[in-house]
Amino acid sequence: MRGACACAVVCALVALCAAAGLDEATRVAAEKQLLALLGLPKRPSRRSAPVPPIPRAMRMLYEASGAIPAAAANTARSYQHVPTELDARFPGEHRFRLFFNLSGVPSDEVARGADLKFHRATEGTGPQRLLLYDVVRPGRRGKTTPILRLLDSVTLLPGEGTVTADAIDAVRRWLLETDQNHGLLVRVIEEGQHNVDAKRPHVRVRRRATEDEEEWRSQQPLLLLYTEDARAREARENGESRLTRNKRATQRRGHRPHHRRKEAREICQRRPLFVDFAEVGWSDWIVAPPGYEAYFCQGDCPFPLADHLNGTNHAIVQTLVNSVDPALVPKACCIPTQLSPISMLYMDEHNQVVLKNYQDMMVMGCGCR
Ligand SMILES: *[C@@H]1O[C@H](CO)[C@@H](O)[C@H](O)[C@H]1NC(C)=O
Ligand SMILES: *[C@@H]1O[C@H](CO)[C@@H](O)[C@H](O)[C@H]1NC(C)=O
């Protein structure tokens with residue numbers, strides 16, 4: 001009867017971990033289930049080239065346990081300016097057009113935040129003002145002036161570090177009208193004066209002739225896009241805990257994890273289960289972590305149900321009835337009662353590093369239910 005008690009995540013992972021012993025059809029089915037769980041339409045293609053450098057901002061998010069600074073977002077991506085022939089029209093440091101190609105964002109994702117981060121020039125002075133515009137319609141030389149919409153206005157005070165401007169309104173528009181992305185215009189003016197270009201260094205917007213690619217990569221503006229995917233949105237909107245849903249789904253499908261007979265008599269508790277992505281064959285697209293401790297719950301829920309087994313009143317009653325007549329009802333199930341999320345960095349189809357937080361991936365506590 002404990003067979004119906006595993007959660008879907010662990011079930012799929014266990015099946016994949018034991019891939020060596022599975023026939024191809026089962027392995028494919030297990031992989032498909034896990035990809036669906038991770039919200040990916042298909043497995044990102046096998047990579048032969050080494051993983052490109054992970055942007056520092058993404059690495060920092062990951063190291064902060066995926067603490068995405070936008071409410072409801074569960075996914076983060078970072079973008080750099082894509083150089084185009086238009087760059088030549090902005091030779092100065094005080095006025096520059098930045099273009100970010102967001103075409104790889106899946107259509108089910110909704111933008112929840114977009115931070116454009118600039119590095120201060122080391123000799124930055126201030127006070128100046130950075131103005132960020134969405135280019136709603138580009139101008140045509142000598143014919144029409146561009147239509148710009150102000151997105152953010154940020155005061156630059158002396159000092160180093162980074163400056164963040166909010167680009168969410170432009171990003172929302174680009175995701176709705178993909179062919180209407182004409183970039184962002186950055187202007188830096190003197191603070192307190194009307195429309196006067198900044199005269200001294202402020203933030204880094206374009207590569208200097210003396211700078212190599214490597215140096216510039218750490219200095220260039222970075223757009224951090226935070227989105228919420230359909231799965232996360234659904235889970236949040238109907239407020240239903242994944243835990244109950246997974247449990248019900250599992251029971252419906254009647255999944256039976258493989259139990260080691262020897263442990264059958266042991267009391268319900270959390271047991272180690274390390275999922276190694278290399279073993280599963282996914283280390284080519286999951287950048288970090290290399291694997292994680294998922295844990296699983298297994299064991300007996302004997303009568304009388306002890307307090308530390310986290311039983312509900314219902315489980316206590318069910319256990320009691322079972323002790324009177326085992327044929328009437330099964331014992332309560334040993335299942336995860338508390339789960340926690342993990343963060344993963346992976347490469348998507350477009351070679352883009354994506355950070356995603358996945359709910360309910362790691363067992364924190366087990367109980368008899
Ligand atoms: C944006 O990227 C996609 C693929 O990642 C590419 O097909 C497309 O041409 C790019 N668009 C621009 C304007 O660079
Ligand atoms: C019951 O839940 C608590 C808190 O989640 C946990 O620390 C404890 O280990 C759980 N009991 C068992 C048997 O796992």
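Along the sequence shown, residues carry numbers from 1. Model, not experiment: these values are computed from the prediction. For ligands, and for the atoms within them, numbers begin at 1 and follow the listed sequence.
- Heavy atoms of Cys268 come nearer than 4.0 angstrom to ligand 2 in at least one pair.
- Look at Glu213 and Arg207 and you find a salt bridge, because one of the NZ, NE, NH1 or NH2 atoms lies within 4.0 Å of a carboxylate O, short of that distance.
- Per-atom contact check: atom 14 (O) of ligand 1 touches the protein, criterion being a heavy-atom distance below 4.0 Å.
- Clustering of Ile, Leu, Val, Met, Phe, Trp and Tyr by side-chain heavy atoms under 4.5 Å joins Val136 with Ile147.
- If you take CG on Asn313 and CG on Leu305, they are separated by 10.5 Å, rounding to the nearest 0.5 Å.
- Regarding atom 4 (C) of ligand 2, its nearest protein heavy-atom neighbour is Gln338 OE1, 3.5 Å.
- Remark: Tyr346 engages Trp285 in a ring pair (Phe, Tyr, Trp, His ring centres under 6.0 Å) (not counting sequence neighbours).
- Arg217 and Glu214 are joined by a salt bridge, as a carboxylate oxygen and a charged side-chain nitrogen come within less than 4.0 angstrom of each other.
- For the pair Ser103 and ligand 1, a heavy-atom separation below 4.0 Å is found.
- Between Cys333 and Cys301 the SG-SG gap reaches or exceeds 2.5 angstrom.
- Salt bridge Arg206/Asp87: absent, no basic N to carboxylate O contact under 4.0 Å.
- Ion pairing between Arg112 and Glu228 holds under the 4.0 Å rule for side-chain N and carboxylate O.
- In this structure, the protein non-hydrogen atom closest to atom 5 (O) of ligand 1 is His350 ND1, 3.6 Å.
- The closest protein non-hydrogen atom to atom 1 (C) of ligand 1 is Asn101 ND2, 1.4 Å.
- Every N/O-N/O distance between Thr337 and ligand 2 stays at or above 3.5 Å.
- Nearest protein neighbour of atom 12 (C) of ligand 2, counting heavy atoms only, is Cys366 O, 3.2 Å.
- Scanning all protein heavy atoms for the shortest distance to atom 7 (O) of ligand 2 gives Met364 O, 4.7 Å.
- For the residues Leu339, Asn310, Val363, the heavy atom positioned nearest atom 10 (C) of ligand 2 is part of Asn310.
- Nearest to atom 9 (O) of ligand 2 among the protein's heavy atoms is Gly365 CA, 4.7 Å.
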